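Model, not experiment: these values are computed from the prediction. Ligands are counted one by one from 1 in listed order, and the atoms in each one are counted from 1 as well. The first residue in the sequence is number 1, and the count goes up from there.
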Amino acid sequence: MGLVVQKYGGSSVADAEGIKRVAKRIVDAKKNGNQVVVVVSAMGDTTDELIDLAEQVSPIPAGREFDMLLTAGERISMALLAMAIKNLGHEAQSFTGSQAGVITDSVHNKARIIDVTPGRIRTALDEGNIAIVAGFQGVSHDKKDITTLGRGGSDTTAVALAAALDAEVCEIYTDVDGVFTADPRVVKKARKIDWISFEDMLELAASGSKVLLHRCVEYARRYNIPIHVRSSFSGLRGTWVSNEPQGDQKVEHAIISGVAHDVSEAKVTVVGVPDKPGEAAAIFRTIANAEVNIDMVVQNVSAASTGLTDISFTLPKAEGRKAIDALERNRGVIGFDSLRYDDQIAKISLVGAGMKTNPGVTAGFFEALSDAGVNIELISTSEIRISVVTRADDVNEAVRAVHTAFGLDSDSDEAVVYGGTGR
Ligand code: ASP
Ligand code: MG
């Protein structure tokens, strides 16, 4: 008998009908002879609504109480799902992250899983139950406080449980048919990928593809847990993410796996920085001390006459205020003329291991953007990725142009988006 972990996202359990539909699917997996562990997200836009509510009572909600509030969303869906399964004549028990043994560090709002001790889940399974686990949450190892894993964290819960329970597969059910060569909400001609390597998937996730979270893929790669991303609406076979393709998983020998885009970042430019050793270090130490993660960094050549240069970097919009405040506070120590903050940017990335061995990918990327009349503001590359920053207004057109230029457009079915408000 195999053990499968299934994860259902918020749009799959958006209402009572959705919960009943998902319950049937879970029961089918059990009837096929599997032990089934289900990780569930909060219903629909519940998490966003809870965040709105928190902001109405306190301008900067964060920390312990915020986590306590947000985990309520997953508690609602887990209990309802267990009830719906029982209604179909099968035994189910729901567990909070803490009850399921998801142990995290104590960083509220973005905790990391440090251990999983799923004793109660094992017992529940051995007694013939389907185990339902609240996603996105855990308990801190030291203070035993409730923590959350950051937005979209249920995917990570699912993979972590799959690893701890030695599951055959972690199935991530979502509102699209799998991982596409671009966001199907933007590119109607995006193609479903049959199989993708952990490496390419990691780069896509890091570049803004929202179908799987970066941390979840990282975890899956570390423990070698194959992920099957598929729709809870269609029953079609989705995308396999793993080390090596298995059986009839089709590998397309494309140079490029996909085009990702991200509009969640902002750009900070530190203007008039003295061009001498230690300046970049001082700027980024300041940013690091403020616990802000940065993405791209670009330093321009200094003007010979002034000996001053500009340094730009990108960071999540949500951390923009913190970074600017920290830099302003240290202006005297760092030494710069002014700061510019721009949150109307987008990042567009081309990902694929094939680019290592195929010259001309960078040129083709820039040509496609230029043909679409899109201006490039920053560039960064890794071995298997090229990213550019453009104006936010240009993003959809740029993604489509690049997708077409690299021959990724499908000639048959249009990509279907089954649910979700995209909020
Ligand atoms: N409900 C949480 C969120 O909306 C976690 C998740 O869905 O994975 O971010
Ligand atoms: Mg999600």
side-chain hydrogen bond (donor to acceptor under 3.5 Å, both in side chains) evaluation trace for Glu203 with Ser382: CA-CA 9 Å; Glu203 289 280 359; Ser382 83; 3.2 Å; yes
From Asp310 atom CG to Ser338 atom OG, the distance as rounded to the nearest 0.5 Å: 8.0 Å
contact_flag Gly135 ligand 1 heavy-atom lt 4.0 Å: no
Ring-face cation contact, Phe180 with Arg185, 6.0 Å cut, 45° max: no
Heteroatom proximity flag, Ser154 to ligand 1, N/O under 3.5 Å: yes
SB check Asp343 Lys267 (cutoff 4.0 Å): no
Arg151 N/O to ligand 1 N/O under 3.5 Å: yes
Distance-only donor-acceptor check, side chains Trp195 and Thr239, under 3.5 Å: no
Per-atom contacts, ligand 1 versus Ser41 - under 4.0 Å to a heavy atom: 6 (C), 7 (O), 8 (O)
N/O separation below 3.5 Å, Gly152 to ligand 1: yes
Donor + acceptor pair across side chains of Thr148, Gln137 (<3.5 Å): no
Gly9 touching ligand 1 at heavy-atom level, < 4.0 angstrom: no
Atoms in ligand 1 with a heavy atom of Phe136 nearer than 4.0 Å: 2 (C), 5 (C)
